[in-house]
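Everything on this sheet refers to the single structure shown next.
From a predicted model like this one, the values you see are computed outputs, not experimental measurements.
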Amino acid sequence: MQTVRHFKPALILGIVFILMNGAFLFTAQGQDTPPPHWTYEGEEGPSHWGELDANYELCSTGRAQSPINVTGGLTGNLVDIGFNYVSSALNIFNNGHTVQVNYDAGSSIVYNEDTYQLAQFHFHHPSEHTINGEHYAMELHFVHKDAAGNLAVVGVLLNQTEQDNPAFDEIFNNLPAAKGDPQPTDMMVDAASLLPATHTYFTYSGSLTTPPCSQGVRWLLLTTPVAVSVHQVEEFATLFEMNARPVQALNNRDLLQDGGTSVAGS
C-alpha cells in the first residue's frame with residue numbers, strides 16, 4: 001500500500017503531462033493555416049493549382065470550370081438581368097492577385113427571380129474569357145451572392161481606346177501598388193457606370209477562376225464590351241502583367257446567348 005501511495009502523485013502528473021501535450025498538439029494542428037500560395041505562372045501556376053492543396057482539387061478535376069472560349073451560334077430566350085446598383089465608397093485594395101473593390105451593402109441584381117447582392121468587383125489582365133479565341137484587353141468581374149450563398153458573376157469585357165473612360169478614373173488613379181487590406185477613403189464609385197448600355201449576355205454554369213475553383217457559379221458575360229484607354233490598361237498592367245486563368249473545356253455544358261439556342265461544347 002505504501003508503494004502505491006508513493007507513486008500515485010507521479011503517475012497522476014505523468015497522465016496530466018500527456019493530456020496537456022496532447023491537447024496542445026490537437027490545438028496546434030487544428031489552428032487555421034494560411035492557404036497555399038498560388039500564382040499565374042510557374043510551379044504554382046494554373047496547371048498546378050490542383051496539386052497545391054486538397055481543397056484546390058477541382059482546379060484540376062472539375063468538369064465545369066471557368067473561364068471558357070465563347071464561340072459558335074449561340075441562341076436562347078433569356079430573361080433580362082435586373083441591375084439595382086447604387087454608389088459605394090471606394091473600398092479598394094490589392095489582394096496580391098488583383099485589384100479588388102469591396103462594395104457597400106445595398107446593390108444587387110435580379111436574375112431568374114432570384115436576388116443576388118453585389119459583394120465586390122475586380123479585374124483581370126488580359127480578359128479571362130475569350131470570344132472566338134480572342135482576348136480583350138481586360139475583364140471586370142462583379143461578384144454577387146444570394147441568400148443561400150449561391151454565386152452569380154457578371155463579366156464585362158474591356159477593350160482599348162485612346163480616350164480615358166472617366167467612369168474608371170477613381171479606380172485607375174488609385175490603384176494600390178502594395179498588397180494590403182482595404183483602406184477607408186472619401187472617394188465614391190458607381191458600379192452602374194462601369195456597365196455597357198446594352199445588357200445582353202452569354203450565360204453558362206461555371207466556377208471561380210481562382211483557387212479553390214468552386215463550381216456552381218452562374219456566369220453572366222455581357223456581350224457588349226466597355227472601352228478603357230491604353231493608359232488605364234497600362235496602369236493596371238504595371239501591377240499585374242498577367243492575372244488571367246487559361247480557358248477551360250466547355251465539356252458539353254449549355255452555353256446560351258440572348259436570342260438563340262444552346263450549343264454543346266467540346
L221 side chain reached by L157 side chain, heavy atoms, under 4.5 Å: yes

Let me have the donor-acceptor pairs involving side chains of residues 183-197, under 3.5 Å, with sequence neighbours excluded, atom names and distances please.
| from | atom 1 | to | atom 2 | distance (Å) |
| --- | --- | --- | --- | --- |
| Q183 | NE2 | D181 | O | 3.3 |
| T185 | OG1 | L90 | O | 3.1 |
| T185 | OG1 | M187 | N | 3.3 |
| D190 | OD1 | A192 | N | 3.1 |
| S193 | OG | D190 | O | 2.7 |

Y40 and H124 aromatic ring geometry - parallel, tilted or perpendicular at 30°/60° bounds: perpendicular

Sidechain-backbone polar pair: N150 side chain, D146 backbone, donor-acceptor under 3.5 Å: no

Modelled atom types, side-chain donor and acceptor of E44 and T39, under 3.5 Å: no

Non-neighbouring partners of E51 that pass side-chain hydrogen bond (donor to acceptor under 3.5 Å, both in side chains), sequence neighbours left out: H48

Check against ring-ring contact (aromatic ring centres under 6.0 Å, His included), F121 and Y85: CA-CA 12 Å; F121 65 80; Y85 288 171; 8.9 Å; no

Disulfide (SG to SG under 2.5 Å) partners of residues 123-168, not counting sequence neighbours, each pair once: none

Single-linkage hydrophobic cluster L220~F123, side-chain heavy atoms < 4.5 angstrom: yes

side-chain contact (heavy atoms from CB on, under 4.5 Å) involving S229 - partner list, sequence neighbours excluded: D164, H231, Q232

Aromatic plane relationship, F172 with F236 - under 30° parallel, 30 to 60° tilted, over 60° perpendicular: perpendicular

Pair R218, S205: side-chain N/O donor-acceptor within cut-off below 3.5 Å: no

Listed partners of W219 passing side-chain hydrogen bond (donor to acceptor under 3.5 Å, both in side chains), at least two apart: S66

Cluster link L222 to F168, ILVMFWY, side chain under 4.5 Å: yes

H199 side chain reached by D80 side chain, heavy atoms, under 4.5 Å: no

In one Ile/Leu/Val/Met/Phe/Trp/Tyr side-chain cluster, 4.5 Å: V247, L208: no

Donor-acceptor under 3.5 Å (N84 side chain, S107 main chain): no

Contact list for residues 128-230, test disulfide (SG to SG under 2.5 Å), sequence neighbours left out: C59-C213

Distance-only side-chain donor-acceptor flag, N69 / N132, under 3.5 Å: no

Pairwise side-chain contact, T161 with V230, heavy-atom cut-off 4.5 Å (strictly under): no

Side chain proximity check, I171 to I92, heavy atoms < 4.5 angstrom: yes

No-hydrogen, no-angle side-chain donor-acceptor test under 3.5 Å, E139 and H129: yes

V79 to Y111 - nearest heavy-atom pair and separation: CG2-CE1, 3.9 Å

same_hphob_cluster(F93, L175) at 4.5 Å side-chain heavy-atom cutoff: no

Min side-chain heavy-atom separation L255-Y204 under 4.5 Å: yes

Short side-chain donor-acceptor distance under 3.5 Å, N112 and D114: no

Whether Q215 side chain and L58 backbone form a donor-acceptor pair below 3.5 Å: no

Side-chain touch L118/F142, heavy atoms, less than 4.5 angstrom: yes

Side-chain donor-acceptor pair present, N102, Q100, cut-off under 3.5 Å: yes

Heavy-atom side-chain contact between S108 and Y116 under 4.5 Å: no

Heavy-atom check, side chain of T130 versus side chain of E134, under 4.5 Å: no

Cluster link Y56 to L151, ILVMFWY, side chain under 4.5 Å: no

